[in-house]
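Read through the structure below, which is laid out as structure tokens, and then see the notes.
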Amino acid sequence: MKRLLAVFIFIVFLTSNAYSFDRKGFSPTAPFSVFSTFSAESPKKKQVAIDFGFEVANNPDIERTNLNISYGLTNNLEIITNLPYNLSYKNSGDDAGAEDINLGFKHRIIDETTYIPAFAYMLYIAGDIGKEEFSTEGGAGGGLILTKKIGPVKVHGNVMYFHPNREDLKETWNINLGSELSVSYNSSILFEIIGRKAIDKDKIDLLEWRLGYRVKITDCSYTTVGSGFDIKDRSPDLRLMFSISVVLPGEKQKLKRIVEDSD
């Protein structure tokens, strides 16, 4: 984790203003995530997680939905697919259209212990079904994930890479750090910081911190709200996020019955 933090500090000094279209790309399924940061945790075997999100971003101005579906093949292997759709770009509904559809898997190969974090890797492909302005014409990528629980806090670190098929686009990578602070039996405060190399130039085009709240509504449903703030030039750029997710079948809390003997 210290090495990832050092990379972020290095990024801050190298960052310059370099705005390009803010693609959603391959993303995790809540509640097994912190916004864009993957957790090494996954749905259990034969569980399905469905996450529908909406976000509004400023500079560039985007209104976007995102549908994620994950399925647990085993307790440590999940299939993930997601489709981002832009409802509006630069305040124009005429520029609406889908981005690439993404399909991949995440495999946890080391479970967390008292001293060792959980470790997982992921591989994915992107398919070109969207509008040309938003598409990468497909591509392939992968990433590494670490998760460690420290008291009431879960900490996650990701390194992600993507190679687009479009000739005028470049390889890109993300470094994500996220945490979940449990504040009650059914709610958590979320914090995330993400950095991303631009896909169309050799510069950092996104360095952002995000803060939010997730609450478990029922045994199988969750609601997440959050906001993101640009770090690069400390401008008032803002991102607002909202999502509803369900995990089926839900896990019911087991109640222990205590019987006292009376003389």
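Nothing fancy with the numbering, it's 1 onward along the sequence.
- Rounded to the nearest 0.5 angstrom, Thr74 OG1 and Lys46 NZ are separated by 12.0 Å.
- Considering OG1 of Thr172 and NZ of Lys201, their distance stands at 12.5 Å, rounded to 0.5 Å.
- Ser33 contributes no side-chain N or O that, together with a main-chain N or O of Ser36, makes up a donor-acceptor pair within less than 3.5 Å.
- The distance from the CG atom of Asp200 to the CG atom of Asp168 is 8.5 Å, given to the nearest 0.5 Å.
- Asn158 places no side-chain N or O within 3.5 Å of a backbone atom of Asn176 that could act as its donor or acceptor partner.
- Residue pairs meeting the ring pair (Phe, Tyr, Trp, His ring centres under 6.0 Å) criterion with at least one partner in residues 35-58, sequence neighbours excluded, are Phe26-Phe38.
- Glu208 has its side chain out of reach of Arg196: every pair of non-hydrogen atoms, C-beta onward, lies at least 4.5 Å apart.
- When side chains are defined from C-beta on, Leu190 counts as touching Thr224, because their heavy atoms get closer than 4.5 Å.
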I'd like to know whether Ile145 forms a side-chain contact (heavy atoms from CB on, under 4.5 Å) with Tyr121, so could you lay out the CA-CA distance, the side-chain angles of the two residues, the decisive distance to 0.1 Å, and finally the verdict. CA-CA 6 Å; Ile145 305 165; Tyr121 71 93; over 6 Å; no

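- Atom-to-atom distance recorded for Ile125:CD1 and Ile101:CD1 is 10.0 Å, nearest 0.5 angstrom.
- The closest side-chain heavy-atom distance from Pro31 to Val247 is below 4.5 Å.
- Look at Lys197 and Asp202 and you find a salt bridge, because one of the NZ, NE, NH1 or NH2 atoms lies within 4.0 Å of a carboxylate O, short of that distance.
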Please step through side chain to side chain donor-acceptor pair (under 3.5 Å) for the pair Glu171 and Tyr161, ending with a clear verdict. CA-CA 8 Å; Glu171 298 173 340; Tyr161 168 84; 2.7 Å; yes

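- Using cut-offs of 30° and 60° on the angle between ring planes, the pair Tyr89 and Phe134 is perpendicular.
- Residues Glu180 and Lys154 are not paired through a salt bridge, judged by the lack of any N-O separation under 4.0 Å between the basic side chain and the carboxylate.
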Under the side-chain contact (heavy atoms from CB on, under 4.5 Å) criterion, do Leu238 and Ser227 qualify, and how do the steps go? CA-CA 7 Å; Leu238 177 66; Ser227 56; 4.3 Å; yes

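- Between Asp51 and Leu67 the shortest side-chain heavy-atom distance does not fall below 4.5 Å.
- A chain of hydrophobic side-chain contacts below 4.5 Å, direct or via other Ile, Leu, Val, Met, Phe, Trp or Tyr residues, connects Met160 to Leu169.
- Linking Ile, Leu, Val, Met, Phe, Trp and Tyr whenever their side-chain heavy atoms come within less than 4.5 Å leaves Val34 and Val183 in two separate clusters.
- Counting only residues at least two apart or in different chains, salt bridge (charged side-chain N to carboxylate O under 4.0 Å, His left out) contacts with residues 119-137 comprise Asp95-Lys131.
- Between Leu144 and Leu146 there is no side-chain heavy-atom pair separated by less than 4.5 Å.
- Considering only heavy atoms from C-beta on, Thr223 comes within 4.5 Å of Phe242 through its side chain.
- Between Asn165 and Gly139 the shortest heavy-atom distance is ND2-N, 3.4 Å.
- Residues Val155 and Ile189 share a hydrophobic cluster, clusters being chains of Ile/Leu/Val/Met/Phe/Trp/Tyr side chains in contact below 4.5 Å.
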Using the side-chain contact (heavy atoms from CB on, under 4.5 Å) rule, take His107 and Asn76 through it: C-alpha gap first, then chi angles, then the decisive distance, then the call. CA-CA 6 Å; His107 183 203; Asn76 61 356; 4.2 Å; yes

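- Contact detail for Ile194 and Arg210: the closest heavy-atom pair is CD1-NH2, 3.2 Å.
- Residue pairs meeting the salt bridge (charged side-chain N to carboxylate O under 4.0 Å, His left out) criterion with at least one partner in residues 110-120, sequence neighbours excluded, are Arg108-Asp111, Glu112-Lys148.
- In plain terms, the two heavy atoms of Asp100 and Ser135 that are nearest each other are OD1-OG, 3.1 Å.
- The ring pair (Phe, Tyr, Trp, His ring centres under 6.0 Å) contacts involving residues 182-226 comprise Trp209-Phe229, where partners must be two or more places apart or lie in separate chains.
- Side-chain contact check for Lys45 versus Leu73: every heavy-atom pair is 4.5 Å or farther apart.
- Within the 4.5 Å cutoff, no side-chain heavy atoms of Leu177 are placed close to those of His156.
- Linking Ile, Leu, Val, Met, Phe, Trp and Tyr whenever their side-chain heavy atoms come within less than 4.5 Å leaves Ile217 and Met241 in two separate clusters.
- Applying the side chain to side chain donor-acceptor pair (under 3.5 Å) rule to Ser184 yields the partners Asn186, Ser187; only residues at least two apart in sequence or on another chain are considered.
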Donor-acceptor list for residues 77-86 side chains, cut-off 3.5 Å, not counting sequence neighbours:
{"from": "Glu78", "atom 1": "OE1", "to": "Ser70", "atom 2": "OG", "distance (Å)": "2.8"}
{"from": "Glu78", "atom 1": "OE2", "to": "Ser42", "atom 2": "OG", "distance (Å)": "2.8"}
{"from": "Glu78", "atom 1": "OE2", "to": "Lys106", "atom 2": "NZ", "distance (Å)": "2.9"}
{"from": "Thr81", "atom 1": "OG1", "to": "Asn102", "atom 2": "O", "distance (Å)": "3.0"}
{"from": "Asn82", "atom 1": "OD1", "to": "Asn102", "atom 2": "ND2", "distance (Å)": "3.4"}
{"from": "Asn82", "atom 1": "ND2", "to": "Gly25", "atom 2": "O", "distance (Å)": "3.1"}
{"from": "Asn82", "atom 1": "ND2", "to": "Ser27", "atom 2": "OG", "distance (Å)": "3.3"}
{"from": "Asn82", "atom 1": "ND2", "to": "Asn66", "atom 2": "OD1", "distance (Å)": "3.4"}
{"from": "Asn86", "atom 1": "ND2", "to": "Glu99", "atom 2": "OE2", "distance (Å)": "3.2"}

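- Separation of atoms OG1 (Thr136) and CZ (Arg23) is listed at 6.5 Å; rounding is to 0.5 Å.
- Shortest non-hydrogen contact noted between Ile110 and Pro117 is CG2-O, 4.0 Å.
- The two residues Ser179 and Val153 come nearest to each other via the heavy atoms CB-CG1, 4.1 Å.
- Atoms OG and CD1, on Ser245 and Ile50 in that order, are 10.0 Å from each other to the nearest 0.5 Å.
- Salt-bridge annotation for Asp230 and Arg239: absent, with no side-chain N of the basic residue lying under 4.0 Å from a carboxylate O of the acidic one.
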